[in-house]
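Heads up, the thing below is written out as structure tokens.
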Amino acid sequence: MRAVCWNGKTDMRVETVPDPEILNARDAIVKITSTAICGSDLHLYNGFMPSLKKGDILGHEFMGEVVELGREVKNLKVGDRVVVPFTIACGQCFFCKKDLWSLCDNSNPNAWMAEKLMGHSPSGLFGYTHMMGGYAGGQAEYARVPFADVGPLKIPDGIEDEKVLFLSDIFPTGYFGAENCDIEPGDTVAVWGCGPVGQFAIQSAWMLGAGRVIAIDRFPERLLLAQTWGRAEVIDYEEVDSVLDVLKDMTGGLGPDRCIDAVGMEAHGITLDARYDKVKQTARLATDRPHVLREAIMACRKGGTVSIVGVYGGLLDKVPMGAAMNKGLTFKMGQTHMHRYMKPLLEKILNGEIDPSRVITHRLGIDEAPWGYKTFRDKEDDCIKVVLKPDFDGHGHHHPHHGGNGAEYVA
Ligand SMILES: [Zn+2]
Ligand SMILES: [Zn+2]
């Protein structure tokens, strides 16, 4: 089969590799019909995550058709259409039983690696380093899905892939970020980062009762989507002297009640602390660049909540814990407990409450994935979200594909 393989920093290649096979009785093989490149894949692309190996297949946002089942998977049939959650969970351990799916104790065969870094291991993830299980990802024609009796969500016929694909990660993740804010009716919610997860956090903040949403980014196309689709007030942080001052002014000195960091470890910034992070990270003196987290802590109103859904990998420097402690902030964070959210959020899509395909700007054949990675990383061509379709004819033969938010891509 064809698959998108990591071959080193910023070196993605589409290679022919062996088809996956059933290894365990609870496995399924899914023929992938749609898959996406995620902002967190860019941390891999940019070489910021340890324990990738040459030839690893990336991708954790995918859906498709079940083509083969292990003998213990009774709830699915060959031919079923499914969306697969990016976190892998057994459904039977202490954590799965507590509804904490992304903390499953049985799905990371390389738990020892994660334990060294974090004390304990989170769940395994598709296509996301050997430390997270070394599972082949879904940017491919086929994928093996472990614990297929627990994870994959069946999708009814008659609704197109693009509307449901993001149940695999970014819609539940944005929702989780907003839910973790414990929004009270009328609250002002500030969202750092208007990438796809930020967009879904904005949508979800409204669903959960926000009175006002303020979104912060620097890319015009993302701010525009936040403003139009997301009905958010927006701040272009490159156009203002101080995001903190602007947020204070906008909230009568109080600060936003709830702050969501939808950026994570590779925050870009123009402030002194952001430049300092870049130097330290380049010199390998720190692993992450937490500029956004610092700003969220400083901006948040006293007694408010800071919710983190942007991915952090390791050690953060100069995080103002003094401010967080003395202002009585609540922190909530984590990888999304996917299995908790997929079904209820599918209902919202089916009843027309939200059309997740609005974030898609680029639709590519799988052979165009390396171009897709670069374009998404560099935010060129107004790129917000790339969907790969393995069954597109991807041999340099391009068609114009109409973007969900009005953008049009012609190569
Ligand atoms: Zn993702
Ligand atoms: Zn489990």
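Whatever order the structure lists them in is the order used to number ligands and atoms, beginning at 1.
Cys38 contributes SG and His60 contributes NE2; the angle these two atoms make at the Zn ion (ligand 1) is 110°, rounded to 10°. Geometry note: the Zn ion (ligand 2) is the vertex, Cys90 SG and Cys96 SG are the arms, and the angle is 120° (rounded to 10 degrees). Around the Zn ion (ligand 2), the angle linking Cys93 (SG) with Cys104 (SG) is 120°, rounded to 10 degrees.
In terms of distance to the Zn ion (ligand 1), the nearest N, O or S atom of Glu61 is named OE2. Here the N, O or S atom of Asp169 that is nearest to the Zn ion (ligand 1) is OD2.
Figure legend: cation-pi geometry between Lys97 and Phe95 absent, as NZ or CZ is not positioned both under 6.0 Å from the six-membered ring centre and within 45° of its axis.
Atom NZ of Lys9 has 12 or fewer neighbouring heavy atoms from other residues, nucleotides or ligands inside a 6.0 Å radius. The local environment of CE in Met118 is crowded, with over 12 non-hydrogen atoms from other residues, nucleotides or ligands closer than 6.0 Å.
Remark: Lys332 engages Asp182 in a salt bridge, criterion side-chain N to carboxylate O under 4.0 Å.
A tilted orientation is assigned to the rings of His362 and Trp371, their planes being inclined by 30° to 60°.
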